[in-house]
Amino acid sequence: MDGIRGIFAGMPWWVKWVAVPLLALFVFGGVITSILGALIGIVFKLLLFVGLVGGLIFVVKKVSGRSTKSSSGEW
């Protein structure tokens, strides 16, 4: 770790805080975007699943509540 600090010690601030991160994004940008895309896709699918299950539960309760009331009233 001291070797890396020694290398960056004589460099201007813009090399440490601008050039090196830009180079990292250039080299690893594809990996970063694919990981972020996969995470966003998983979160979207999870939210879609939760919404669909919630909607299904709502519809089932609505329908079963209606049939229970009508059947109890007929008997």
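For this chain, numbers begin at 1 and follow the sequence in order. Just so it is clear, the model here is predicted, and its values are computed rather than measured.
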Would Val27 end up clustered with Ile35 when hydrophobic side chains under 4.5 Å apart are linked, directly or stepwise? no

Nearest-0.5 Å distance that lies between atom CH2 in Trp17 and atom CG in Leu22: 13.5 Å

Nearest 0.5 angstrom please: Thr33 OG1 to Phe28 CZ, how far? 13.0 Å

Out of Val63, Ile57, Leu56, which one pairs with Val60 under the side chain to side chain contact (heavy atoms under 4.5 Å, CB included) rule? Leu56

Assigning hydrophobic clusters by single linkage (Ile, Leu, Val, Met, Phe, Trp, Tyr; side-chain heavy-atom cutoff under 4.5 Å), is Phe44 placed with Ile42? no

When every non-hydrogen atom of Ile7 is compared with those of Met11, the smallest separation belongs to O-CG, 3.6 Å

Test of understanding: clusters of I, L, V, M, F, W, Y form through side-chain heavy atoms closer than 4.5 Å, transitively. Do Leu48 and Leu46 belong to the same one? no

In the single-linkage hydrophobic clustering (I, L, V, M, F, W, Y; side-chain heavy atoms under 4.5 Å), do Ile32 and Phe26 co-cluster? yes

Test of understanding: clusters of I, L, V, M, F, W, Y form through side-chain heavy atoms closer than 4.5 Å, transitively. Do Val50 and Val43 belong to the same one? no

